[in-house]
2 protein chains.
Amino acid sequence: MSEPLHFVVKTRLVEVIERLGEGGALPPERVLAKDFGVSRWTMRQAIRELIADGRLRARQGQGTFVATPKLVQPLALVSYTEALRAQGHTPAREVVKFEEIAADDVLAEQLAIASGDRVYELERVLFADGQPIGLETTYMSVQRFPTLREVLDPTGSLYRCLTGQLGVRFGEGEELVETVIATPREAELLKATQSLPMLLLHRNTRDADGHPIEVVRSLYRGDRVGFRATLRP
Amino acid sequence: MSEPLHFVVKTRLVEVIERLGEGGALPPERVLAKDFGVSRWTMRQAIRELIADGRLRARQGQGTFVATPKLVQPLALVSYTEALRAQGHTPAREVVKFEEIAADDVLAEQLAIASGDRVYELERVLFADGQPIGLETTYMSVQRFPTLREVLDPTGSLYRCLTGQLGVRFGEGEELVETVIATPREAELLKATQSLPMLLLHRNTRDADGHPIEVVRSLYRGDRVGFRATLRP
DNA sequence: AAGTGGTCTAGACCACTCC
DNA sequence: GAGTGGTCTAGACCACTTG
């Protein structure tokens, strides 16, 4: 058994996927398993990987379907709204949480404030064409931006609000990208199946004077989104 | 069952991990399953996610151990060797393949050559501190770099060879990041367990005149590596 | 030879969607 | 209620590492 059975199944499923085309419905797992002569577990393992790869999409109670290609988001300091519109998609945001909390040690250091200082915690689900693709959690100092709650439309662009109404000038920032497995809560907010690999972006932005503006934790569905970075020599 | 059992197990395992510390050995899966009162499948599901998250590392025939933190690689046009050394790690490369092949339509377009033209295919496993962390496949036009085989030390830095010996001046490039599941072959080359989420980087670099230099497909172990990008306003 | 993680089976029940 | 994907069990065998 040099190649695991579920991988052989996966390879054969790719042919089925290509024959069906975007949006096509796969036969039920139980039927596929029987047709391929494997157990349901093995079939599900193959399907699970194809879902992670962005080739399939499963909907409980409905079936499994051939997915549309992944979105590509710029890895840059631009507005989510504008970036998505530029690619012909319809952006939307939904506020999950907008609170003030006390900064823990890590957050305080990243924002250059004292531990325990008040910070905004703004959590929003990002949509593209009506589908949830990301969960963005932003932390900002209340002391530094005392009018934020009055000025910001929480379903609108934070970037636009900061540069426009609050006169913030962005300087260099830093972004970390890694893969993680979503928690059940995160998966539910993103309407994703559990145990799906996600892309976690941890962003740290500063103004032109080098003072921290915001700390952002963005979790994107790895099956639906990719990122583009422009390299400069 | 609002929270799946394997997630409850995962949460409890995190406590075990923190108590053990880096390099600590977990009890065998079968023992853990019995202790937690769950089936081995459920335990493995929890462990699988912790491996994907980079918290655990499993070695067949040996056991499961608490992992060391992920490496962070710059998402920029710099030498792999230098980037790793700058972080106090020991880089190494191992050549898997160095051949000349005929370009297919997609590759030909990316390299701005004719379909069927000869291209180098250089495949190398990247190591950090003796551990395989990535698989890099580079495609370059033979016609454009006819002396590459004589000039390049395939275990050395391609970037250095191009800028140094061949006088190439890099211009703007583009990089795409997404998550994928490794194939059995890729997993084996990276000594990773199957079905592990990987970070796939697709890089397209051009010289100062905008001509394509190379197309690179880099597959990094998602459990061991993350990436850093610097954002400019 | 013993013990470990890796793969796979057969079968059960749950949660959700649609009729 | 019927059918779908999602979770979980108990048990088997394989592949690998170490003594």
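Letters go in sequence order (proteins before strands), and every chain restarts at 1. Hydrogens, waters and symmetry mates play no part in the numbers below; they use all other heavy atoms, side chains included.
The nearest whole Å value for the distance from the CD atom in A:Glu3 to the P atom in C:dC8 is 11 Å. In this structure, B:Lys191 places its NZ atom 14 Å from C1' of D:dC16, rounding to the nearest Å. The nearest whole Å value for the distance from the CZ atom in A:Arg48 to the C1' atom in C:dG6 is 14 Å. To the nearest angstrom, P of D:dG6 lies 11 Å from CG of A:Leu196. Rounded to whole angstrom, the span from the NZ atom of A:Lys34 across to the P atom of C:dT9 amounts to 15 Å. For the pair A:Leu5 CG and C:dA10 C1', the interatomic distance rounds to 15 Å; values are reported in whole Å. Rounded to whole Å, atom P of C:dT7 lies 20 Å from atom CZ of A:Phe36. B:Glu49 has its CD atom 10 Å from the P atom of D:dC8, to the nearest Å.
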N/O donor to acceptor pairs below 3.5 angstrom from side-chain atoms of residues 10-20 of chain A, sequence neighbours left out:
unit_1  : atom_1 : unit_2  : atom_2 : d
A:Lys10 : NZ     : A:Glu49 : OE1    : 3.2
A:Lys10 : NZ     : A:Asp53 : OD2    : 3.0
A:Thr11 : OG1    : A:Phe7  : O      : 2.9

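Of all the heavy atoms in A:Gly54 and A:Lys70, the pair that sits closest is CA-CE, 4.4 Å. Between A:Met198 and A:Ala192, the closest heavy-atom pair is CE-CB, 4.1 Å. Nearest heavy-atom pair, A:Phe127 versus A:Gly130, reported as atom, atom and distance to 0.1 Å: CD2-O, 3.6 Å.
Every side chain to side chain contact (heavy atoms under 4.5 Å, CB included) that B:Arg30 has, sequence neighbours left out, goes to B:Arg40. Shown here are the side chain to side chain contact (heavy atoms under 4.5 Å, CB included) partners of A:Arg48, two or more places apart in sequence or in another chain: A:Gln45, A:Ser195, B:Gln45, B:Arg48.
Looking at A:Glu123 and A:Glu136, their side chains never come closer than 4.5 Å, going by heavy atoms from C-beta outward. Looking at B:Met140 and B:Leu158, their side chains come closer than 4.5 Å, going by heavy atoms from C-beta outward.
Annotation: proximity of residues 37-47 of chain B to DNA chain C (heavy atom, distance under 4.0 Å) is found for B:Arg40, B:Arg44, numbered in ascending order. Residues from residues 7-23 of chain B that place a heavy atom under 4.0 Å from any atom of DNA chain D: there are none.
Because its NZ or CZ atom is not both nearer than 6.0 Å to the ring centre of A:Tyr120 and within 45° of the ring axis, A:Arg149 does not count as a cation-pi partner of that residue.
A salt bridge links B:Glu186 with B:Arg217; the closest basic N to acidic carboxylate O contact falls under 4.0 Å.
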*What's the verdict on side-chain hydrogen bond (donor to acceptor under 3.5 Å, both in side chains) for B:Thr205 and B:Glu214, showing C-alpha distance, side-chain angles and the deciding distance?*
CA-CA 6 Å; B:Thr205 56; B:Glu214 49 167 15; 3.3 Å; yes
Each nucleotide N or O in nucleotides 1-4 of chain D that has a protein N or O under 3.5 Å away: list the pair and distance.
unit_1 : atom_1 : unit_2  : atom_2 : d
D:dT4  : O2     : A:Gly61 : N      : 3.4

